[in-house]
Asker: 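Okay, handing you the structure first.
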Amino acid sequence: MKKEDCIFCRIANGEIPSETIYEDKDFRIILDVGPATKGHALILPKEHAADLFELPEETASRALIVAKRMAQNMKERLLCDGINLVQNNGVAAGQTVSHFHIHIIPRYQEDGQRINWVPGKCTQEELEATRKQIMG
Ligand code: AMP
Ligand code: ZN
């Protein structure tokens, strides 16, 4: 289903123009208007899902295949040195548009970008407690 007030639904379904670099019946890939690097793109499913939690498994699976193919294409055509796939869920994780999307960010030596976190510290006991909490 499409959500009327969702900008990525409207872009994905062609109601709002975009710099589209790939389209099939389920996805559109567009260039991000605020690119981290040259070629920064967004994979948008045409069906609305706010985030990974709402995304059907079948779409999730196909999204990664589309990402892989586009990454390969960018490597060959943009001659980038690496690729980051980034996917934010929830405001706490930096999501600003509530329509599932995967960032494909080509990386170039010395591009000056940082897609990083600060490594933390924890004890073996804390790791074990976290493992138990996640595994139930
Ligand atoms: P996120 O922070 O993961 O929700 O990423 C949202 C991304 O969408 C940002 O990188 C924005 O630059 C990008 N963005 C927002 N509006 C548009 C638009 N109309 N067309 C293309 N990219 C957009
Ligand atoms: Zn949407």
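First listed ligand is number 1; within each ligand, the first listed atom is number 1.
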Asker: Write down the atom of G39, the atom of L78, and the distance for their closest heavy-atom approach.
Answerer: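 Looking at all heavy atoms of both residues, the closest pair is CA-CD1, 3.9 Å.
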
Asker: So, at under 2.8 Å, which protein N, O or S atoms would a careful student list around the Zn ion (ligand 2)?
Answerer: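 Listed by chain and number, the atoms are C6 SG, C9 SG, H48 ND1, H99 ND1.
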
Asker: Can you tell me which residues line ligand 1 if we count any heavy atom under 4.0 angstrom from one of its atoms, in chain and number order?
Answerer: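 Residues within 4.0 Å of ligand 1: I7, F8, I11, I30, L31, D32, V33, G34, L42, N88, G94, Q95, T96, V97, H101, H103.
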
Asker: Restricting to non-hydrogen atoms, name the atom on I21 and the atom on M70 that form the minimum distance, rounded to 0.1 Å.
Answerer: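 Taking every non-hydrogen atom into account, O-CE, 3.7 Å.
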
Asker: Within the supplied structure, the quantity of interest is the number of heavy atoms (other residues, nucleotides, ligands) at a distance under 6.0 Å from E128 CD; does it exceed 12?
Answerer: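 Yes.
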
Asker: How far does CZ of R131 sit from CD of E126, to the nearest 0.5 angstrom?
Answerer: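 Atom-to-atom, R131:CZ and E126:CD are 14.0 Å apart.
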
Asker: Using the side-chain contact (heavy atoms from CB on, under 4.5 Å) definition, which of the options L85, I115, N88 pairs with H103?
Answerer: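 For H103, the side-chain contact (heavy atoms from CB on, under 4.5 Å) test succeeds with only one of L85, I115, N88, which is N88.
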
Asker: So, taking the atom named CG in L44 and the one named CZ in F100, what distance separates them when rounded to the nearest 0.5 Å?
Answerer: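 Spacing of CG (L44) from CZ (F100) equals 10.0 Å.
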
Asker: With a 4.0 Å cut-off on N to O distance, would you call E23 and K46 a salt bridge?
Answerer: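 Yes, charged N to carboxylate O under 4.0 Å.
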
Asker: Determine, using ring centers only, whether H99 and H101 are less than 6.0 Å apart.
Answerer: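 No: the rings miss the under 6.0 Å criterion.
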
Asker: If you round to the nearest 0.5 Å, how far is CD1 of I7 from CD of E15?
Answerer: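 Rounded to the nearest 0.5 Å, the CD-CD1 separation comes out at 11.0 Å.
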
